[in-house]
Amino acid sequence: MAIRLIHVGVGGRGRWPVRRVAERDDFESVALVDINHEKFEPAMEASGLPESACFGTIEQALNNVESDAIVVITPPDL
């Protein structure tokens, strides 16, 4: 069974984990979280996730999807 991941921060450096997970069988992306909604389109294309799996806060993602882990790629000051 694949480990279900929520990606927090999907722009900039956050793009590579989304792309890499899509190439693997042992992980599955289940949600995308970013405060900048413009970052969702490329991440949806890379992950195959629909817009309904995109959230503005981690709380929204946790309340709407089942997950096993969270990948956090955000600027250091955040």
Test item: V30 and E66 side chains (from C-beta on) under 4.5 Å apart, heavy atoms:
no
(message) Is the shortest side-chain heavy-atom distance between E59 and L62 below 4.5 Å?
(response) no
Sorted by chain and number, sequence neighbours left out, salt bridge (Lys or Arg N to Asp or Glu O under 4.0 Å) with D26 holds for R24
- How far apart are the C-alpha atoms of F40 and D34, what are their side-chain angles, what is the distance that settles it, and do they pass the side chain to side chain contact (heavy atoms under 4.5 Å, CB included) test? CA-CA 8 Å; F40 288 137; D34 207 293; 3.9 Å; yes
Return a table of donor-acceptor pairs under 3.5 angstrom between the side chains of residues 3-20 and protein atoms on other chains or two or more places apart.
from	atom 1	to	atom 2	distance (Å)
R4	NE	D68	OD2	3.1
R4	NH2	D68	OD1	3.0
H7	NE2	S29	OG	2.8
W16	NE1	R13	O	3.1
R20	NE	E23	OE1	3.3

Smallest separation among heavy atoms of [X] and [Y], with atom names:
X   : Y   : answer
A31 : V65 : CB-CG2, 3.9 Å
P50 : M44 : C-SD, 3.7 Å
L32 : S47 : CD1-OG, 4.0 Å

Would a single hydrophobic cluster contain both V33 and I70, if residues Ile, Leu, Val, Met, Phe, Trp and Tyr are joined by side-chain heavy-atom contacts under 4.5 Å? yes
Across all chains, not counting sequence neighbours, the side chain to side chain contact (heavy atoms under 4.5 Å, CB included) partners of E45 are E41
